[in-house]
Amino acid sequence: TNKSTKNTTTKQEEESTQLILTKVSKIIKTHTQQSQTTMKKLQTQLSKSKTTAQTLLQQQQSLQKDISTKQSHIKSLEHQLHQLSINHSLENKSLDDTSV
């Protein structure tokens, strides 16, 4: 009977071990699935962030071009204004000379 008790104990231990292994396997599978889902979400967020960064970079480059164009236009207008001022001064001087 001692051997029979030992066999029964071994069998119970095996069943218990198998039950634990099954539970551990399910936990690992669940965690793996959760990790994969989290990874996919992170990859999606990263992709969106890259797209946003690219869009912002393009907008920045466009704005820099626009600023450069406007600065050139301002310089041109300043030059024209300076020329007008010189012309105006010459006209006034000319008028003053003729009135003498």
Side-chain angles (χ1 to χ4, degrees):
T1 55
N2 194 10
K3 192 173 184 181
S4 172
T5 307
K6 190 173 183 184
N7 280 343
T8 304
T9 304
T10 304
K11 189 173 182 180
Q12 286 174 342
E13 286 174 350
E14 284 178 8
E15 288 174 354
S16 177
T17 301
Q18 191 59 44
L19 186 65
I20 290 169
L21 287 174
T22 301
K23 287 181 179 181
V24 167
S25 177
K26 284 181 182 178
I27 290 170
I28 289 172
K29 186 176 179 181
T30 301
H31 281 281
T32 301
Q33 288 172 342
Q34 289 172 344
S35 295
Q36 288 172 340
T37 301
T38 301
M39 184 65 80
K40 285 178 186 174
K41 287 179 182 176
L42 288 172
Q43 286 172 337
T44 301
Q45 287 176 349
L46 178 62
S47 179
K48 287 178 182 177
S49 294
K50 284 180 178 178
T51 301
T52 301
Q54 188 64 36
T55 301
L56 288 172
L57 182 62
Q58 288 170 350
Q59 288 175 348
Q60 181 188 20
Q61 289 169 343
S62 176
L63 287 171
Q64 284 173 334
K65 238 183 210 178
D66 191 38
I67 288 169
S68 180
T69 301
K70 283 182 168 59
Q71 285 174 334
S72 294
H73 187 70
I74 288 169
K75 283 181 182 175
S76 173
L77 290 172
E78 286 173 340
H79 179 71
Q80 289 175 21
L81 182 61
H82 184 66
Q83 287 300 117
L84 286 172
S85 176
I86 290 171
N87 290 344
H88 184 68
S89 293
L90 289 174
E91 284 175 12
N92 283 344
K93 186 171 173 110
S94 174
L95 288 173
D96 288 346
D97 289 345
T98 55
S99 65
V100 171

Task: Sidechain-backbone polar pair: Ser47 side chain, Gln43 backbone, donor-acceptor under 3.5 Å - done: no
TODO: State the CD-NZ distance between Gln36 and Lys40, to the nearest 0.5 angstrom.
DONE: 6.5 Å
TODO: Look up atom OG in Ser49 and atom CG in Leu42, then write down how far apart they are to the nearest 0.5 Å.
DONE: 10.0 Å
Open item on the list: As a quick check of understanding, evaluate side-chain contact (heavy atoms from CB on, under 4.5 Å) for Thr69 and His73, giving each step before the final call.
Closed with: CA-CA 6 Å; Thr69 301; His73 187 70; 5.7 Å; no
Open item on the list: Just verifying a value: how many Å separate His88 NE2 and Asn92 CG, rounded to the nearest 0.5 Å?
Closed with: 4.0 Å
Open item on the list: How long is the straight-line distance from CD of Gln61 back to CG of Leu56, given to the nearest 0.5 Å?
Closed with: 11.0 Å
Open item on the list: Quick check for you: to the nearest 0.5 Å, what is the distance between Ile20 atom CD1 and Glu15 atom CD?
Closed with: 12.0 Å
Open item on the list: Looking at Gln33, is its backbone amide N or carbonyl O close enough to the side chain of Thr37 to form a donor-acceptor pair, meaning the two atoms are under 3.5 Å apart?
Closed with: yes
Open item on the list: I'd like to check Thr32 versus Lys29 (side-chain heavy atoms, cut-off strictly below 4.5 Å). Are they in contact?
Closed with: no
Task: Pairwise side-chain contact, Gln18 with Thr22, heavy-atom cut-off 4.5 Å (strictly under) - done: yes
Open item on the list: Once rounded to the nearest 0.5 Å, what's the spacing between atom CG of Leu77 and atom CG of Leu81?
Closed with: 8.5 Å
Task: Heavy-atom donor-acceptor pair, Ser16 side chain to Gln12 backbone, under 3.5 Å - done: no
Task: Main-chain N/O of Gln64 paired with Ser68 side-chain donor or acceptor, under 3.5 Å - done: no
TODO: Look only at the side chain of Ser25 and the backbone of Leu21, and say whether a donor-acceptor pair between them is shorter than 3.5 Å.
DONE: no
